[in-house]
Number of protein chains: 2
Amino acid sequence: MEHFQRVCREAGAKLTPQRLEIFREVAATGDHPDAETIYRRVRKRMPTVSLDTIYRTLWLLVDLGIIQTLGAGGRERARFDANLDPHHHFVCVQCGSTRDFYSKDFDALALPDSLREIGRVEATHVEARGVCLDCAGKAAKAPPGPKSKSKSNTNTRTV
Amino acid sequence: MEHFQRVCREAGAKLTPQRLEIFREVAATGDHPDAETIYRRVRKRMPTVSLDTIYRTLWLLVDLGIIQTLGAGGRERARFDANLDPHHHFVCVQCGSTRDFYSKDFDALALPDSLREIGRVEATHVEARGVCLDCAGKAAKAPPGPKSKSKSNTNTRTV
DNA sequence: GACTTAAGTGATTATAATAAGCATCCTGTG
DNA sequence: CACAGGATGCTTATTATAATCACTTAAGTC
Ligand SMILES: [Mn+2]
Ligand SMILES: [Mn+2]
Ligand SMILES: [Zn+2]
Ligand SMILES: [Zn+2]
């Protein structure tokens, strides 16, 4: 939050209540919300914000390096992440939820030689894909229906 | 290609020349093209395809598990990948080009314990981000302009 | 190889997400 | 406390992608 205000000032970007709220919202939650979700949440406390300002602000914050975007795979829209510490993500292939996890090992992976002839690596990010405990629990109840009607998810098969 | 035809038959999907061409195109190149790019390329050999068929076919192939999508980060659109072998990606933060690389180590990373309470991991995928040799070369020429006008890229800062 | 039929295609029309334009408003500054 | 330029919200465009539908064609059946 300190950091947020300082960077904004240095960049000559004004500290408006909208920006404060939007940043607060992204930073508050560990999930990685998309623009629409942030809009819904921020509107509860500030009913006048426009979706437009949400988008402008989010990308402004990305450009300022205050937040990041998550590579939204498949048919998903962009997700935002205020966690700038080096970290990695677990993505549930059923429900799409994305959780942070940490690993010093992953932060500094020994890169294969083949990469040398491609480019200079600045950072590595690991995406672990699988089924979250919630979804696994639900699956245990809904027995072995072969044609599971679950329309739930669309981001399977995404690298 | 064999595999492609077999899976289509098993799924009751017809083998049309369009599908053949579209799959061929995705499988032919190591880059990870988006729908529009595939459209342009396929049209050269088959000028009558519609962009619509491109989209329908690509997502069909994804649903059949014959190709994958790449987590298109930032403001990018979805990219497609016919390489189903376990592999990883180098992404250039300047030009956005995405190259495959292989690493047995990365295929089977030792997962931190913290992941246990989140979910069961089925696969890990490493994204190495940095500057590709091409872009590094170009940067070497264009001297030390502090305000580099480069509109080039928009997918920096993407996890 | 002709017959049949459901699936596939292309053209057109719709959605959905995101961006631009502009008049008004408000933050930061003197 | 007045000012000026950036920021907001509304409305209107883009852009990517999906749905409709009439026509075509792949792939079994005889
Ligand atoms: Mn995160
Ligand atoms: Mn690949
Ligand atoms: Zn889940
Ligand atoms: Zn590059």
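Atom P of nucleotide C/dC26 and atom CD of A/Gln18 are separated by 9 Å, given to the nearest angstrom. One interatomic measurement links the two molecules: OH of B/Tyr55 to C1' of C/dG8, which rounds to 19 Å at whole-angstrom precision. Between the CG atom of B/Leu61 and the C1' atom of C/dG8 there is a distance of 13 Å, given to the nearest Å. Nucleotide C/dG8 holds its C1' atom 16 Å from the CD atom of B/Glu21, rounded to whole Å. Residue A/Ile54 contributes atom CD1, which lies 14 Å from atom C1' of C/dA17 at whole-angstrom precision. Atoms CZ (B/Arg19) and P (C/dG10) sit 11 Å apart, rounded to a whole Å. Nucleotide C/dA19 holds its C1' atom 14 Å from the CG atom of A/Leu58, rounded to whole Å.
Residues forming a side chain to side chain donor-acceptor pair (under 3.5 Å) with A/Asp134 (at least two apart in sequence, or on another chain): none. Partners of B/Phe90 by ring pair (Phe, Tyr, Trp, His ring centres under 6.0 Å), not counting sequence neighbours: none found. Every residue meeting the side chain to side chain donor-acceptor pair (under 3.5 Å) condition with A/Glu25, not counting sequence neighbours, appears here in chain and number order: A/Arg45. In this view, A/Arg41 and A/Asp31 satisfy the side chain to side chain donor-acceptor pair (under 3.5 Å) rule, not counting sequence neighbours.
Counting any heavy atom pair closer than 4.0 Å across all strands shown, B/Arg56 reaches a base atom.
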Show me, pair by pair, the donor-acceptor contacts under 3.5 angstrom made by side chains of residues 2-15 of chain B, not counting sequence neighbours?
none

Side-chain donor-acceptor pairs under 3.5 Å in residues 112-123 of chain B, sequence neighbours left out?
none

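Membership of an apolar cluster is not assigned to B/Leu133, as no side-chain contact below 4.5 Å to another ILVMFWY residue is traced. Cluster note: A/Tyr102 groups with no other residue, as no ILVMFWY side-chain heavy atom lies under 4.5 Å from it.
First and last contacts of DNA chain D with chain A, using any nucleotide atom under 4.0 Å from a protein heavy atom and ordered 5' to 3', fall at D/dG5 to D/dA18.
Listed by residue number, the members of residues 7-15 of chain A with any heavy atom below 4.0 angstrom from DNA chain D are A/Ala13, A/Lys14. Near DNA chain C, meaning a heavy atom under 4.0 Å from it, residues 31-53 of chain B has B/Thr48, B/Val49, B/Ser50, B/Asp52, B/Thr53 in order of number.
Among pairs with a residue in residues 94-105 of chain B, none fulfils salt bridge (Lys or Arg N to Asp or Glu O under 4.0 Å), at least two apart in sequence or across chains.
Side-chain atoms of A/Asp107 and A/His87 include no donor-acceptor pair closer than 3.5 Å.
None of A/Arg79, A/His32, A/Arg129 except one satisfies the side chain to side chain donor-acceptor pair (under 3.5 Å) rule with A/His89; the exception is A/His32.
Residue B/Thr16 places at least one side-chain N or O closer than 4.0 Å to OP1 or OP2 of C/dT9.
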